[in-house]
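Every number for a ligand or one of its atoms is a count from 1 in the order of the listing.
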Amino acid sequence: MKVMKFGGTSVGTPERMKSVASLLTNSGEQVFVVLSAMSGTTNSLVEISNYLYKKNPEKANEVIDSLEKAYMQHVDNLYSTEEYRNTTRDFLREEFDYLRSFTTELFTSFEEKNIVAQGEIISTNMVVNYMKENGFDVVLLSALDFMRTDKNEEPDSTYIHDKLNVIMDKEAGHQVYVTQGFICRNAYGEIDNLRRGGSDYSASLIGAAIDAEEIQIWTDIDGMHNNDPRIVEKTEAISQLHFEEAAELAYFGAKILHPTCIQPAKHAGIPVRLKNTMQPEAPGTIINSEKVKGKIKAVAVKDNITAIKVKSSRMLLATGFLRKVFETFEGYQTAIDMVATSEVGVSMSIDNDVHLNEIVDELKKYGTVTVDTGMCIVCVVGDLDWNNVGFETMATEVMKNIPVRMISYGGSNYNISFLIRETDKKQALQSLSDTLFYK
Ligand code: ADP
Ligand code: ASP
Ligand code: MG
């Protein structure tokens, strides 16, 4: 069985929902479909939650009302029979009344997670109703029955595997299985999610759990491009990536994939294919375990990075210095992206600055602390094994006119990363593209 995940734009209008259904008919195979919310909906649900945090139920209700109006219109355009229009309208009325019920309550992250989960619950119900109206053999599975995170807020793969396989055995023999991306329950059974963009992660976790033959991520672009198409003028789809290359690109900002979604597929050895819903005939990108020797494949960029340098008053390698520095970050659950050391100090980069002040205060115990904000990590990905000479020099040479705060190379065989100012980002990405791919 294949897993096919369709993102927000792919189910963003009634017409797109119909195209998704026809892609599934054409495939003729048994498929497991993972859907995102219609594009814009999760943002609106976050907006509603923000108003409720700020104790502004009037504004929250305004957003709910306009969202409901838009959805009721989608019903008219999606279904051709009164029966399915009425069933879906009834379902939507219940959904929007449920959202309104929060406007009178005490508001915490528990309520917020319930609210943001409704986008995927709505889109899957609408698509499944459309498929039923058109005679598909389709079943809707609730992700809340099998997607779960553990006490560390990491997906509980064993639970997901066991639960989903019991459900699939019970529901054996159908042509299409549909479920929600993004949403899950936490270790305490409460509604939670896999963070923004998490439907890709859902698809990969599900693919691994059911031992799928392939995991397909259908989106609004024809595959992983060799540079960020939102920033760089000329970019093009890459036909093949190694799991590790795709994982580095996703982690370092290629928005087409959720940062951690490659991990489960890689672990289970299941290929991931990126496809364009608007252009299904385009070959897309295949991600598998094949290595292409000596080739630089792509560049990605991760924004909102802060660099922190601790210059030790004593010698750096004095026992325990690095441990104490790293433990400070760990104590505030702040992941470090890049590290560079010297005899006198250490530089690190983080993308979550929620606890920056506390971290800096604590680090001052170990030396002089310097902070640089407004930075970004530019990551060059490909076969960068240290035995292949010249590749890292080629990337570094392109950066010769740009102030580079840190460089990281050798952490994996697949990347070299540069920490630069966000204001230099566009120039850096464009020059890397021009030299590495189009010279
Ligand atoms: P979906 O809603 O289907 O999950 P996303 O918006 O999350 O889609 O991801 C697709 C978008 O990712 C593209 O429209 C593109 O702008 C952006 N993107 C960023 N970097 C890349 C890249 N290297 N290759 C392809 N797309 C990229
Ligand atoms: N709907 C969620 C979001 O917008 C999850 C996803 O689309 O992957 O973040
Ligand atoms: Mg996405």
Classify the contact between H258 and ligand 2 as side chain, backbone, both or neither, using a heavy-atom distance cut-off of under 4.0 Å.
neither
Applying a 4.0 Å heavy-atom criterion (strictly less than), which segment of R230 is in contact with ligand 1: side chain, backbone, both, or neither?
side chain
Would you tell me which option among L249, I217, D220, D200 has the nearest heavy-atom contact to atom 11 (C) of ligand 1?
D220
Between Y84 and Y79, what is the ring plane arrangement, given parallel below 30°, perpendicular above 60°, and tilted in between?
parallel
Side chain or backbone of N226 under 4.0 Å from ligand 1, or both, or neither, by non-hydrogen atoms?
neither
Give me the nearest non-hydrogen protein atom to atom 4 (O) of ligand 2 as residue plus atom name, then the distance to 0.1 Å.
R196 NH2, 3.0 Å
Checking heavy atoms under 4.0 Å, the part of S10 that sits near ligand 1 is neither
Would you check if the side chain of N388 reaches a backbone N or O of L384 as a donor-acceptor pair within less than 3.5 Å?
no
At a non-hydrogen distance cut-off of under 4.0 Å, which region of I256 contacts ligand 1 (side chain, backbone, both, or neither)?
both
Nearest non-hydrogen atom to atom 2 (O) of ligand 1 belongs to which of A250, A37, G8?
G8
Any heavy atom of G198 closer to ligand 2 than 4.0 angstrom?
yes
Cation over ring, K302 on Y251, under 6.0 Å and within 45°?
yes
Any non-hydrogen atom of P229 lying under 4.0 Å from ligand 1?
yes
Min N/O separation K5 to ligand 1 under 3.5 Å
yes
